[in-house]
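Computed from heavy atoms alone, side chains included, the values below leave out hydrogens, waters and symmetry copies.
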Amino acid sequence: MIVITVIMQEVQLPRELAFMIRNRLKLKKIPYKEIRIDKIALDQNHVGVIEEIISDLRERGIAQAKH
């Protein structure tokens with residue numbers, strides 16, 4: 001019998017970016033669990049993707065909030 005445990009990490013999101021980040025996670029097919037409007041939980045291996053998304057949004061001038 002093989003048991004796989006996925007450790008979820010909670011990530012606090014800038015409220016004004018939360019929906020854009022969730023949409024991008026859906027496009028990348030990265031599963032997450034919504035905890036609150038400004039907090040999600042996702043696999044530890046995917047936490048870095050959040051930073052990449054925010055960096056991309058900043059480069060495009062969409063995100064001005066600090067993370």
Interatomic distance, NE2@His46 vs NZ@Lys29, rounded to 0.5 Å, equals 13.5 Å
Distance col, row Lys28:NZ vs Glu52:CD, nearest 0.5 angstrom, shows 6.0 Å
Could you see if Ile62 belongs to whatever hydrophobic cluster contains Val49? Use Ile, Leu, Val, Met, Phe, Trp, Tyr and a side-chain cutoff under 4.5 Å. yes
> Would you call Leu25 and Ile40 a side-chain contact if the rule is heavy atoms closer than 4.5 Å?
Replying inline: yes
Note to self: With side chain to side chain contact (heavy atoms under 4.5 Å, CB included) as the criterion, how do Asp56 and Arg24 come out once you've worked through the C-alpha distance, each side chain's angles and the decisive distance to 0.1 Å?
What the structure shows: CA-CA 11 Å; Asp56 182 52; Arg24 294 223 180 177; 2.4 Å; yes
Taken to the nearest 0.5 Å, the spacing of Ile53 CD1 from Ile30 CD1 works out to 6.5 Å
On a heavy-atom basis, the closest approach of Ile35 and Ala41 is CD1-CB, 3.7 Å
Sorted by chain and number, sequence neighbours left out, salt bridge (charged side-chain N to carboxylate O under 4.0 Å, His left out) with Glu59 holds for none
Note, Arg22 side chain near Glu34 side chain (heavy atom, < 4.5 Å)
yes
For Pro14 and Ile54 the tightest heavy-atom approach is CD-CD1, 4.4 Å
Between Val47 and Leu42 the two heavy atoms that sit nearest each other are N-CD1, 4.3 Å
Would you say Tyr32 and Met8 make side-chain contact, with heavy atoms under 4.5 Å? no
Contacts of Arg15 meeting salt bridge (charged side-chain N to carboxylate O under 4.0 Å, His left out) (sequence neighbours excluded), chain-then-number -> none
Rounding to 0.5 Å, atoms CD1 (Ile7) and CG (Asn45) come to a distance of 9.0 Å
Hits for salt bridge (charged side-chain N to carboxylate O under 4.0 Å, His left out) against Lys33, two or more places apart or cross-chain, chain-then-number order -> none
